[in-house]
There are 4 protein chains.
Amino acid sequence: MRVKDENKRKDIIKHTLDIVYEKGIAGVKMASLARKVGLSPATLYIYFKNKEDLILSIFSELIGEQADLSLGQLNTELPYKLKLKKIWLQWLNFSINNFKEKAFIDQVKQSPYCEEMTVKGDLKLHDIGTLLFQEGKEQGLLKEVDNSILKAIMTAMLNESVVLILNKQMELNEENADTMFSMLWDAIKS
Amino acid sequence: MRVKDENKRKDIIKHTLDIVYEKGIAGVKMASLARKVGLSPATLYIYFKNKEDLILSIFSELIGEQADLSLGQLNTELPYKLKLKKIWLQWLNFSINNFKEKAFIDQVKQSPYCEEMTVKGDLKLHDIGTLLFQEGKEQGLLKEVDNSILKAIMTAMLNESVVLILNKQMELNEENADTMFSMLWDAIKS
Amino acid sequence: MRVKDENKRKDIIKHTLDIVYEKGIAGVKMASLARKVGLSPATLYIYFKNKEDLILSIFSELIGEQADLSLGQLNTELPYKLKLKKIWLQWLNFSINNFKEKAFIDQVKQSPYCEEMTVKGDLKLHDIGTLLFQEGKEQGLLKEVDNSILKAIMTAMLNESVVLILNKQMELNEENADTMFSMLWDAIKS
Amino acid sequence: MRVKDENKRKDIIKHTLDIVYEKGIAGVKMASLARKVGLSPATLYIYFKNKEDLILSIFSELIGEQADLSLGQLNTELPYKLKLKKIWLQWLNFSINNFKEKAFIDQVKQSPYCEEMTVKGDLKLHDIGTLLFQEGKEQGLLKEVDNSILKAIMTAMLNESVVLILNKQMELNEENADTMFSMLWDAIKS
DNA sequence: AATGAATGAGTATTCATTCAT
DNA sequence: GATGAATGAATACTCATTCAT
């Protein structure tokens, strides 16, 4: 009996991410994906039930990883601003290093594939945000605006930083990271 | 000889925007679009050479309108912060009132349709940003960071505000608009 | 504008009947059906929504025709036995002349396509049988057994007669028809 | 070396009969059949060369069993009508108890699988019929019609009885069996 | 200009069968 | 013998686009 090569699933996912990054979700054609991975189209259907399953399975796994990442940092004993900066930098780095994953998540979110699915991972992230901003407000460091606004701004700055860096309009170094974070901080601090 | 009916063209565009907002660009099927507009599929091809032309023509027109909008405000004789706020509010309102148009632009930008096209309208916008931020820096009011960063942040805040409002997580009233703008201002002011 | 040739639908149906008779329902391949009719596969989908619709539409139409056929004969003023014979001969002729249609109906009935459909036409036929046998019983001419049994026997004899004739084991002439009917009559008469 | 497990072969056949009864021959998928039996798809191919072989092997075996069954009864020393009734009842019971087998045979007969095969078993049955009806005619008890007609009627009545019983429109008891047989007898008796 | 019919070139998916262990 | 993985060859269906009027 041939043994299942567990790398194959990873290969499929990797190439799917590549394609989505380059051509969008609609650009994922089962046949050409298979060719890229070096498989027969039929083999894809051993690893994923169908195209929807392929897209949503990857989506779920990515959301899960992303959420897991941040949970560790919340309990550190740093001053609030530094802790926030650390988490922010961590998110920034994660986003840069996983820009294809991020692009994939964004695309799926606004695609029809996402319609029926409850995004569990996102809830985790939401809770993290809540905890984080609550702490800042309690220490009187953050503006007294709704958490969703704070989270929106943080996300927005993150996203745009990533875009600037990926578009080579900005380098990813400590100085620039400091600049971006200080602008974020100025925006949300009380 | 009958002439092309300009209303029909507008109808096609309107329904295309609707579809893209609801189902994404991949959801635009020439036949069902035609049915929605009340035309034959063949008639679409009188108004637009093909699907790509349909998408990109709409895209160009929208980008053009968006840019035109802002140009008027630059010459007003208000203090800088107020002028910036006015432009920001104008953009915000425009984005809210034209969220389908905005969604369309975003979708096209990350679609394969956009690949071969030089985004003329965007250049216009880029120039506006340059002028605007230049003025602020000259008056010593803005942080001395790259214009692209300033523009990115302004765009980011705009986008997230729109999302919050459209998702009904935030109301569109003067107070909230003030809050969002003041956060933006804090972020970019020197 | 090209005009729709109403014969095309009939052609599709005719060739579908041929294929089902020769190879069974599973032998109906949309592409080769289209080729036989002289159309593109895509064109089939203008006339029938999908394969299931193709099969079930034909089925419904055939059932309808079959039922309509018999309704007329019920009111004639012949002696019962002669009337029954006339209807029987009519059914026999119909079955012989439309053996492909009959085969089609039989195949669909035991196929998964039939599962979800309520067979309206059959109900009509059922009612006809009921009326017919009721009359015979009232005149004391038929055995006092359940109508479903009488109908079953009549159907059975019909089917087997058709098989014998189509297999060339029996000729379709008046003598043989008489023989078959008299055997049927002997079986059901009181 | 292990030998082919005869129980496995029986299991495969049993589940094949189940599937054909429920979903028709087209419903037999080698992979899911294997799963049902608790085997790997590849293992099926140890027991049967391919799908056609699977279907036709089962078919041949069933035809053989059916013919064997009847041969024993022909020599009994009963009066003709009673002997015929006994054989008829035996066939009826066999058909009821083996309705899946019967359905299988019917389905295969009208499927493309049957095309190239000469139905040996049926010949045996044909000979039995010939002997049986010959005897009846010699004793002046049966109508002087072609044996194929007599056989057709007997088969027809049998089939319809089975259908009535399996559809619960008729109970399988001595009275009903008597009724059905007497109708058959009335039909064929001289 | 306007149109409904028609279609070629895809696209996802299935499934009998074989491979490699 | 037994097996799970792998696949080639279908197959139903879609859709942007063109045809013929």
Side-chain angles (χ1 to χ4, degrees), chain A residues 1-6 8-9 26-34 37-54, chain B residues 1-5 8 26-35 37-55, chain C residues 1-6 8-9 26-34 37-54, chain D residues 1-5 8 26-35 37-55:
Chain A
M1 183 188 78
R2 260 185 239 177
V3 286
K4 201 167 182 173
D5 180 357
E6 200 33 53
K8 251 169 219 166
R9 193 170 195 280
V28 178
K29 314 291 158 125
M30 298 304 266
S32 72
L33 169 60
V37 186
L39 295 174
S40 155
T43 310
L44 289 185
Y45 289 83
I46 296 172
Y47 293 87
F48 299 93
K49 214 176 74 209
N50 52 35
K51 190 173 169 180
E52 185 178 353
D53 182 45
L54 168 71
Chain B
M1 183 184 83
R2 270 178 270 173
V3 286
K4 281 193 203 174
D5 182 347
K8 267 181 200 161
V28 178
K29 313 291 162 79
M30 299 302 269
S32 71
L33 169 60
R35 206 177 321 118
V37 185
L39 296 173
S40 157
T43 311
L44 289 185
Y45 288 82
I46 295 167
Y47 292 87
F48 298 93
K49 212 176 73 207
N50 52 34
K51 189 173 172 181
E52 184 178 353
D53 182 44
L54 168 71
I55 299 296
Chain C
M1 180 187 83
R2 258 184 239 177
V3 287
K4 200 166 179 173
D5 179 358
E6 201 33 51
K8 249 168 222 169
R9 193 170 195 279
V28 179
K29 314 290 157 127
M30 298 303 266
S32 73
L33 169 60
V37 185
L39 295 173
S40 156
T43 309
L44 290 184
Y45 290 84
I46 296 171
Y47 292 87
F48 299 93
K49 213 176 76 213
N50 51 37
K51 190 173 168 179
E52 184 178 352
D53 182 46
L54 169 71
Chain D
M1 185 183 84
R2 269 177 270 173
V3 285
K4 282 194 204 175
D5 181 347
K8 267 181 202 162
V28 178
K29 311 294 160 77
M30 299 302 267
S32 71
L33 169 60
R35 206 177 321 117
V37 186
L39 296 173
S40 158
T43 310
L44 290 184
Y45 288 82
I46 294 169
Y47 290 87
F48 298 94
K49 211 176 75 210
N50 52 35
K51 189 173 170 180
E52 184 178 355
D53 182 44
L54 168 72
I55 299 295

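The basis for the numbers below is simple: all heavy atoms, side chains too, and nothing from hydrogens, waters or symmetry mates. These numbers come from a predicted model, not from an experiment. Here is how names work: the chains are called A, B, and so on, in the same order as the sequence lines, proteins then strands, and each is numbered from 1.
- Nearest heavy atom pair, residue Ala31(A) against residue Pro41(A), reads CA-CG, 4.3 Å.
- Residue whose closest nucleotide on DNA chain F sits further toward the 5' end, between Ala26(C) and Tyr47(A): Tyr47(A).
- Taking CG from Asp53(D) and OH from Tyr47(D), the interatomic distance works out to 14.0 Å, rounded to the nearest 0.5 Å.
- Taking atom OH on Tyr45(D) and atom P on dC15(E), their separation rounds to 12 Å, with Å as the unit.
- Per the geometry, CG belonging to Asn50(A) stands 11 Å off P belonging to dA12(E), to the nearest Å.
- At least one side-chain nitrogen or oxygen of Lys8(D) sits closer than 4.0 Å to the OP1 or OP2 atom of dA2(F).
- The strand DNA chain E forms stems, runs of 3 or more Watson-Crick or G-U wobble pairs with distances below 3.5 Å, at E:2-21 with F:2-21.
- Residue Lys29(B) holds its NZ atom at 11.0 Å from CZ of Arg35(B), rounded to the nearest 0.5 Å.
- When all heavy atoms are compared, the tightest approach of Ala26(D) to Ala26(C) is CB-CB, 4.1 Å.
- Nearest heavy atoms, Lys51(A) versus Val28(A): NZ-O, 2.8 Å.
- Atom CZ of Phe48(D) and atom P of dT17(E) are 13 Å apart (whole Å).
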Show your reasoning for whether side-chain contact (heavy atoms from CB on, under 4.5 Å) applies to Leu44(A) and Leu33(A). CA-CA 9 Å; Leu44(A) 289 185; Leu33(A) 169 60; 4.0 Å; yes
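- The distance from atom CG of Leu33(A) to atom P of dA12(E) is 9 Å, rounded to the nearest whole Å.
- We find that CD of Glu52(B) is positioned 19 Å from P of dC15(F), with the value rounded to whole Å.
- For the pair Ile46(D) CD1 and dT3(F) C1', the interatomic distance rounds to 8 Å; values are reported in whole Å.
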Pairwise N/O distances under 3.5 Å, protein to nucleotides 8-11 of chain E:
unit_1, atom_1, unit_2, atom_2, d
dT11(E), OP1, Lys29(A), NZ, 3.0

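- When rounded to the nearest whole Å, the span between CG of Leu44(A) and C1' of dT13(E) equals 11 Å.
- dC15(E) atom P lies 10 Å from atom CZ of Arg35(D), rounded to whole Å.
- For the residue pair Asn50(D) and Met30(D), the shortest heavy atom distance occurs at C-CE, 4.3 Å.
- One finds the CD1 atom of Ile55(B) at 9.5 Å from the CZ atom of Phe48(B) (value rounded to the nearest 0.5 Å).
- Neither OP1 nor OP2 of dC13(F) sits under 4.0 Å from any side-chain N or O of Lys49(C).
- Note: Arg9(A) CZ to Ile46(A) CD1 = 13.0 Å, rounded to the nearest 0.5 Å.
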